[in-house]
*Asks:* 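Quick one: the structure is below, questions incoming.
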Amino acid sequence: EVQGEGLLVANNVIRITRGSSDSRAFKASNVTGLSFVFNTAIARDGKSTALLMLNNTMASSLISDNILQNRDGGGILFPNEQLTCDRNALYTTDSKGVLITAKGKKYDATNYQEATKSTASKVVEVPFVSDKVLYPKDMTVLPQGAPHAAVTTDILGTARDNEHPTVGA
């Protein structure tokens, strides 16, 4: 779990294959200025109830340009309105909710934008090259990314497009 101010979490590939109900790709609390951008996270076969666990104060924080896929029945947690969430490829096999707030309110594929204020995220299952190579097979299903000044390369060190970088690591 991370805490603090001005944290950048970028270009990570996180794969949970054998977790439990408290397994998380990322957990944070009491953070001001978190930028969780250009990450690829997937959970499967582990019953992770929330891919991201963001607790308490998350002021001025940004969750964008990520591929967040929970294929084992859990959701993706966004706890409050102080969080900006946009341009993510979101997916869950949980029929009750793509997003689950800290207060337990669930948002499905038709109303998640209400919770996230997102205008460019997509609810889409992203097909990957393989279970171990989490590189999208089809880039056309992804939302269009936006540049972030602090992240100019991808996980492999390749320069990201200056105008429309690909979402995910």
*Asks:* Is there a side-chain contact between Thr152 and Asn162, using heavy atoms and a 4.5 Å cut-off?
*Replies:*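 No, too far: nothing below the 4.5 Å cut-off.
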*Asks:* Return yes if some donor-acceptor pair links the side-chain N/O of Asn11 with the main-chain N/O of Thr153 below 3.5 Å, else return no.
*Replies:*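 Yes; at least one donor-acceptor contact below 3.5 Å.
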*Asks:* For a 4.5 angstrom cut-off between non-hydrogen side-chain atoms, does Asn88 reach Ile67?
*Replies:*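 Of all side-chain heavy-atom pairs linking Ile67 with Asn88, none is under 4.5 Å.
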*Asks:* Is there a side-chain contact between Thr166 and Asp161, using heavy atoms and a 4.5 Å cut-off?
*Replies:*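 A side-chain contact under 4.5 Å is absent here.
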*Asks:* Identify whether Val37 and Leu142 are in the same connected component of the hydrophobic contact network (ILVMFWY, side-chain heavy atoms under 4.5 Å).
*Replies:*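 Per the 4.5 Å side-chain linkage, Val37 and Leu142 are not co-clustered.
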*Asks:* Does the side chain of Tyr91 reach to within under 4.5 Å of the side chain of Val126, using non-hydrogen atoms?
*Replies:*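 Answer no - side chains too far apart.
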*Asks:* Do Leu156 and Val151 belong to the same hydrophobic cluster, where Ile, Leu, Val, Met, Phe, Trp and Tyr are linked whenever their side-chain heavy atoms lie under 4.5 Å apart, directly or via other members?
*Replies:*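 No, Leu156 does not connect to Val151 through the hydrophobic network.
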*Asks:* If we ignore hydrogens and angles and just use 3.5 Å, is the side chain of Ser60 paired with the main-chain N or O of Thr32 as donor and acceptor?
*Replies:*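 Judged by distance alone, no pair lies under 3.5 Å.
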*Asks:* Please check this pair: side chain of Asn12 against backbone of Ile14, looking for a donor-acceptor N/O pair closer than 3.5 Å.
*Replies:*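 Such a contact is absent between Asn12 side chain and Ile14 backbone.
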*Asks:* When you check the side-chain N and O atoms of Ser118 and Asp86, is any donor under 3.5 Å from an acceptor?
*Replies:*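 A pair is found: one side chain offers a donor N or O, the other an acceptor, under 3.5 Å apart.
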*Asks:* What do the steps show when you test Val9 against Leu34 for side chain to side chain contact (heavy atoms under 4.5 Å, CB included), and what is the final call?
*Replies:* CA-CA 8 Å; Val9 179; Leu34 167 68; 4.0 Å; yes
*Asks:* With a 3.5 Å distance limit and no angle check, can you tell me whether Asp65 reaches the backbone of Ala146 through a side-chain donor-acceptor pair?
*Replies:*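 Side chain of Asp65 to backbone of Ala146: a pair is present.
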*Asks:* Does Leu8 belong to the same Ile/Leu/Val/Met/Phe/Trp/Tyr cluster as Ile63, with side-chain heavy atoms less than 4.5 Å apart forming each link?
*Replies:*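 Per the 4.5 Å side-chain linkage, Leu8 and Ile63 are not co-clustered.
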*Asks:* Shared ILVMFWY cluster between Val167 and Phe36, side chains joined below 4.5 angstrom?
*Replies:*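 No: no chain of side-chain contacts under 4.5 Å links Val167 to Phe36.
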*Asks:* Can you check side chain to side chain contact (heavy atoms under 4.5 Å, CB included) on Glu5 and Val31, steps first, answer last?
*Replies:* CA-CA 6 Å; Glu5 294 183 22; Val31 175; over 6 Å; no
*Asks:* Indicate the ring-plane relationship of Phe38 and His148, choosing parallel, tilted or perpendicular according to the 30° and 60° boundaries.
*Replies:*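 Taking His148 first and then Phe38, their aromatic rings stand perpendicular (interplane angle over 60°).
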*Asks:* Can you find a heavy atom in the side chain of Val141 that is under 4.5 Å from one in the side chain of Pro136?
*Replies:*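 Not touching, per the 4.5 Å side-chain cut-off.
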*Asks:* Please say yes or no: joined through hydrophobic side-chain contacts below 4.5 Å, possibly via intermediate residues, are Leu134 and Leu68 part of one cluster?
*Replies:*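 Result: no, two separate clusters.
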*Asks:* Would you check if the side chain of Ser130 reaches a backbone N or O of Lys132 as a donor-acceptor pair within less than 3.5 Å?
*Replies:*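 Looks like yes, one N/O pair under 3.5 Å.
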*Asks:* Using a 4.5 Å cut-off on heavy atoms from C-beta on, say whether the side chain of Pro147 contacts that of Pro165.
*Replies:*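 SC-SC contact between Pro165 and Pro147 confirmed.
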*Asks:* Measure from the side-chain N and O atoms of Asn66 to the backbone N and O of Gly168, and report whether any donor-acceptor pair falls under 3.5 Å.
*Replies:*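 Side chain of Asn66 to backbone of Gly168: no pair is present.
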*Asks:* Working to the nearest 0.5 angstrom, can you tell me the gap between His164 NE2 and Arg87 CZ?
*Replies:*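 Atom-to-atom, His164:NE2 and Arg87:CZ are 11.0 Å apart.
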*Asks:* Please step through side chain to side chain contact (heavy atoms under 4.5 Å, CB included) for the pair Val13 and Ile155, ending with a clear verdict.
*Replies:* CA-CA 8 Å; Val13 173; Ile155 193 170; 3.7 Å; yes
*Asks:* Kindly give the heavy-atom pair with the smallest separation between Pro143 and Ala120, and that separation in Å.
*Replies:*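 Taking every non-hydrogen atom into account, CB-O, 3.2 Å.
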*Asks:* Yes or no on salt bridge (charged side-chain N to carboxylate O under 4.0 Å, His left out) for Asp154 and Arg160, after CA distance, side-chain angles and deciding distance?
*Replies:* CA-CA 6 Å; Asp154 66 15; Arg160 290 188 179 273; 5.9 Å; no
*Asks:* Keeping the roles fixed (side chain from Gln69, backbone from Val124), state whether a donor-acceptor pair exists under 3.5 Å.
*Replies:*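 Side chain of Gln69 to backbone of Val124, a donor-acceptor pair under 3.5 Å: yes, one is there.
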*Asks:* In Å, rounded to the nearest 0.5 Å, how long is the span from CZ of Phe128 to OH of Tyr135?
*Replies:*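 Phe128 atom CZ to Tyr135 atom OH measures 11.5 Å (nearest 0.5 Å).
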